[in-house]
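Structure first, commentary second.
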Amino acid sequence: MNFDSYTDRGVQAAAELANQLTESWAQGAFRALPSGGGPRRKLAAAVETSIWGRSGDLSAGDAEGLIRLATQLRLIFQTLASGELDSTAQLVNALLQKHHAAPQLATHDGEPWHLHFHSQEKEAGRAEARGATCATALATVIGSGGAWRLGTCHANRCDLVFVDTSKNGRRRFCSPRCLSRDKVARFRARHQAGTLDEE
Ligand SMILES: [Zn+2]
Ligand SMILES: [Zn+2]
């Protein structure tokens with residue numbers, strides 16, 4: 001993608017959280033969130049690992065925080081998809097504030113100086129820090145004219161969101177699977193209309 005790697009990672013993370021930690025239609029099937037504390041924590045830890053490569057110790061509070069964050073991120077993608085850029089910008093600003101986003105250079109654990117998005121990233125708790133990272137990345141993309149890169153799937157029974165990294169920026173579906181589901185649906189609709197015409 002065109003953004004720097006921090007931003008790239010942050011927007012991908014925002015999309016992944018919105019897709020995996022909210023109740024939604026995913027490629028034709030409804031996906032509910034587990035209801036018990038244990039399974040919710042396990043799911044949040046799996047999503048953490050899939051995004052950042054590790055989950056570490058994830059408390060029940062962290063898990064619920066990530067699930068709440070995912071709902072807010074989904075709302076941002078959906079508001080943008082409905083063409084409401086002003087409302088989207090306000091939602092992103094609210095998220096930046098709520099998660100106390102404040103970029104800071106940090107060095108710890110023998111790592112070179114790198115960017116933290118939360119002023120006290122290590123102390124703030126997982127969800128808080130992730131929220132700051134995602135909000136900053138979304139703000140960077142939207143603030144540099146890249147709002148069109150944040151998409152939601154156009155297929156029936158699919159709410160998945162995505163980051164459009166294509167050159168022409170015309171991506172409409174979350175996956176090749178939804179692209180072909182949509183083709184089949186259109187074909188059937190045409191076929192049905194044709195049959196009705198003949199009657
Ligand atoms: Zn760090
Ligand atoms: Zn889809």
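Start at 1 and go down the list; that is how both ligands and their atoms are numbered.
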> Hey, what's the angle at the Zn ion (ligand 1) spanning NE2 (H114) and NE2 (H108), nearest 10 degrees?
Replying inline: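 NE2 of H114, the Zn ion (ligand 1) and NE2 of H108 span an angle of about 100°.
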> Just checking, is any N or O donor in the side chain of R74 or T22 under 3.5 Å from an acceptor N or O on the other one?
Replying inline: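 R74 vs T22: donor-acceptor pair found between side chains.
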> Nearest 0.5 Å, what's the CZ-CG distance between R41 and L66?
Replying inline: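 One gets 12.0 Å once the value is rounded to the nearest 0.5 Å.
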> Roughly how far, to the nearest 0.5 Å, is CG of L69 from CG of L17?
Replying inline: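 Reported to 0.5 Å precision, the distance equals 5.5 Å.
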> Within the stated cut-off of 2.8 Å, is an N/O/S atom of C174 closer than that to the Zn ion (ligand 2)?
Replying inline: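 Looking at C174, which is the residue asked about, there is an N, O or S atom under 2.8 Å from the Zn ion (ligand 2).
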> When you draw lines from the Zn ion (ligand 2) to SG of C153 and to SG of C178, what angle lies between them, to the nearest 10°?
Replying inline: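 SG of C153 and SG of C178 make an angle of 110° at the Zn ion (ligand 2), to the nearest 10°.
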> R68 side chain to T71 main-chain N or O, any donor-acceptor pair under 3.5 Å?
Replying inline: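 Not a single qualifying donor-acceptor pair exists.
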